[in-house]
Protein chains: 2
Amino acid sequence: MATTGSNLKLIHVKTACEACRVRELCLPTSLTEADISLVDELVVRREPLEKGDYLYRTGDDFRGLYAVQYGAIKTYGLTLQGREQVTGFHLAGEVLGLDAIDQEVHPCNAIALEKTEVCQLPFDKLEQLTQSLPGLSHNLSRVMSREILREQHVLMMLGGTTAEQRIVRFILNLQKRMAQREIMGHSFRFCMSRQDISNYLGLALETVSRQFTHLQEKQIIDIQNRHITILQPEALQKLAD
Amino acid sequence: MATTGSNLKLIHVKTACEACRVRELCLPTSLTEADISLVDELVVRREPLEKGDYLYRTGDDFRGLYAVQYGAIKTYGLTLQGREQVTGFHLAGEVLGLDAIDQEVHPCNAIALEKTEVCQLPFDKLEQLTQSLPGLSHNLSRVMSREILREQHVLMMLGGTTAEQRIVRFILNLQKRMAQREIMGHSFRFCMSRQDISNYLGLALETVSRQFTHLQEKQIIDIQNRHITILQPEALQKLAD
DNA sequence: TAGCCAAGTTGATCCAGATCAAAGAGGTTC
DNA sequence: GAACCTCTTTGATCTGGATCAACTTGGCTA
């Protein structure tokens with residue numbers, strides 16, 4: 001319901017393929033070039049979101065899936081108390097909105113953590129296309145399956161571990177996802193606050209800060225504000241286990 | 001005494017449908033009777049599993065999805081350390097195996113917690129059928145979407161809560177799922193051990209035991225071994241928030 | 001029916017991480 | 001550049017739940 005005016009401006013793109021990474025990132029299997037361009041034609045691009053803008057809010061009608069072009073989106077829900085619970089961070093090349101397909105209503109809030117551009121894949125049209133493209137249906141299932149698996153990994157990460165392990169695994173996970181997109185080594189920028197990290201990992205904000213400090217003291221990482229450099233990747237990996 | 005529509009439907013239907021609840025439980029939308037029987041024809045039934053039998057193990061080839069007929073299945077993964085992490089409990093009427101679609105390999109172990117019968121839905125055949133049944137594809141997406149949502153709720157349940165809240169929410173969740181299938185009020189049997197519960201909730205086994213005792217002392221529940229009766233549903237609900 | 005083993009309970013102690021408090025560091029806005 | 005605000009760090013204290021240990025109960029087998 002409450003979507004800001006600027007978000008409503010939609011721009012249709014013909015040669016979306018190049019601009020929008022839907023092809024390889026969202027639906028990565030054996031479709032022909034021609035098939036892929038059919039999918040690309042569905043894509044609706046949106047005005048870039050500024051930091052703090054909502055892509056959607058809890059209760060909004062489900063219009064389609066979103067693929068992040070650049071930037072980062074945080075999704076979070078509210079518990080009965082009104083406590084905020086971060087459910088995920090979505091970086092460039094990743095999809096969100098899969099959780100809304102069933103009820104056709106978004107069950108959580110999605111907010112931009114920095115300047116972010118997304119493209120929208122209207123789900124009804126995607127399903128129509130499924131009929132003429134047998135492979136597309138399978139692709140969609142794979143994307144959803146991967147999302148289920150991803151959430152299971154989060155559960156595994158949170159279960160039975162110390163604060164240090166959580167932080168370490170979080171860093172490694174983020175680094176891996178960053179590296180998949182852009183060719184950058186062991187140095188990158190956090191798009192989320194300590195607050196968000198602590199909420200996501202089920203720790204106190206202060207604990208997150210302290211753990212970062214400890215890792216820095218051990219010369220395993222270097223953190224300046226939100227910019228991190230992994231100095232000893234092996235040591236970090238070892239701590240994760 | 002809310003007998004759901006789906007329960008009534010079940011009674012009307014004979015043959016494969018009746019035995020296997022795939023129709024309304026797994027794929028609950030607008031397919032015609034004829035369509036549904038096409039789906040039912042795919043179903044492969046398996047010999048009942050005894051307690052402790054594995055339905056599949058990590059690394060096994062993905063052959064299809066499974067719908068639990070009766071009984072209960074626990075899924076768990078192993079961390080790098082070899083530590084066991086329970087990722088879910090699957091009761092009668094629920095589906096598992098969705099996490100294997102992407103890699104075509106099961107990423108976790110599935111073991112029966114008691115005598116259990118499942119039916120198998122060969123996924124390749126299901127996808128073939130998708131071509132002739134437009135609605136089926138949508139149904140599948142909905143089932144997967146619901147699974148994604150379910151896992152998000154687990155995250156929300158675990159985040160920022162006390163041991164008591166986790167236990168209470170776990171009880172309520174289980175009760176809800178039990179009640180959906182069988183018409184039973186506030187009394188049911190746990191199919192999993194304290195060990196499994198503690199692992200799933202990220203608590204120590206002893207903590208789980210103590211929390212049960214506390215709730216019993218407060219006369220909110222009554223626990224005899226693995227049989228629980230919720231004496232004060234409102235009080236329990238209140239604790240969950 | 002006794003004997004055994006796994007599952008569950010209960011008690012005592014300890015510590016990782018929460019909470020409370022306050023000071024520093026960036027980033028905006030005017 | 002000053003004022004302001006939010007984010008982050010650091011310190012001190014407290015506590016919920018983990019851990020260690022011993023005991024009880026239930027279920028199974030012979």
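This is a predicted model, so every value here is computed, not measured. As a basis for the values below, the full set of heavy atoms in this structure was taken, side chains included, without hydrogen atoms, waters or symmetry mates. Proteins come first, then strands; the chains are lettered A, B, ... in the order of their sequence lines, and each starts at number 1.
A straight line from CD1 of I223(A) to C1' of dT8(D) spans 11 Å, rounded to a whole angstrom. Here the C1' atom of nucleotide dG26(D) and the NZ atom of K51(B) are 11 Å apart, to the nearest Å. Separating the CG atom of N199(A) from the P atom of dT19(C) is a distance of 12 Å, rounded to the nearest angstrom. In this structure, H227(B) atom NE2 and dG8(C) atom C1' are separated by 18 Å, rounded to whole Å. Per the geometry, CD belonging to E114(B) stands 13 Å off P belonging to dC28(D), to the nearest Å. R194(B) places its CZ atom 15 Å from the P atom of dT25(D), with the value rounded to the nearest Å. Between the CD atom of E217(B) and the C1' atom of dT9(C) there is a distance of 12 Å, given to the nearest Å. One atom, CD1 of I167(A), and another, P of dG17(C), lie 10 Å apart when rounded to the nearest Å.
T213(A) has a side-chain polar atom (N or O) that falls below the 4.0 Å cut-off from OP1 or OP2 of dT10(D).
Residue contacts shown for S209(A) include a base, since a base heavy atom lies under 4.0 Å away. Among the protein residues, R166(B) comes within range of no part of the nucleic acid, since none of its heavy atoms lies under 4.0 Å from any strand.
Put simply, the side chain of N109(A) does not reach to within 4.5 Å of the side chain of I111(A), judged on heavy atoms.
Among all heavy-atom pairs drawn from G159(A) and Q85(B), the shortest one is CA-OE1, 3.4 Å. Minimum heavy-atom separation, L155(B) to T87(A): CD1-O, 4.1 Å. Residue E151(B) comes nearest to I148(A) through the heavy atom pair OE1-O, 3.0 Å, listed as atom of the first residue, atom of the second, then distance. Scanning both residues, R166(B) and L201(B), for their nearest heavy atoms gives NH1-O, 2.7 Å. When all heavy atoms of I73(A) and A112(A) are compared, the pair lying nearest together is CD1-CA, 4.1 Å.
Salt-bridge check for E164(A) with R210(A): failed, with every basic side-chain N at 4.0 Å or more from each acidic carboxylate O. Under 4.0 Å is where a charged nitrogen must lie from a carboxylate oxygen, and between R45(B) and E117(B) at least one such pair does. With respect to the salt-bridge test (charged N to carboxylate O, under 4.0 angstrom), the residues E104(B) and R63(B) do not qualify. Using a cutoff of 4.0 Å between basic side-chain nitrogens and carboxylate oxygens, R177(B) and E94(B) are scored as salt-bridged.
One end of the helix from dT1(C)-dA30(D) to dC30(C)-dG1(D) points its axis 50° away from the other end's axis, with each axis taken from 5 pairs and the angle rounded to 10°.
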Below 3.5 Å between N/O atoms, which protein atoms pair up with nucleotides 25-27 of chain C? Just atom names and distances, please.
none

Hey, what are the protein-to-nucleotides 17-19 of chain D N/O distances that come in under 3.5 Å?
residue: dG17(D); atom: OP1; partner: A163(B); partner atom: N; Å: 2.6
residue: dA18(D); atom: OP1; partner: A204(B); partner atom: N; Å: 3.1
residue: dA18(D); atom: OP2; partner: A204(B); partner atom: N; Å: 3.1
residue: dA18(D); atom: OP2; partner: T207(B); partner atom: OG1; Å: 2.2
residue: dT19(D); atom: O4; partner: R210(B); partner atom: NH2; Å: 3.0

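Taking the six-membered ring for Trp and thresholds of 30 and 60 degrees, F212(B) and F190(B) have ring planes inclined between 30 and 60 degrees apart.
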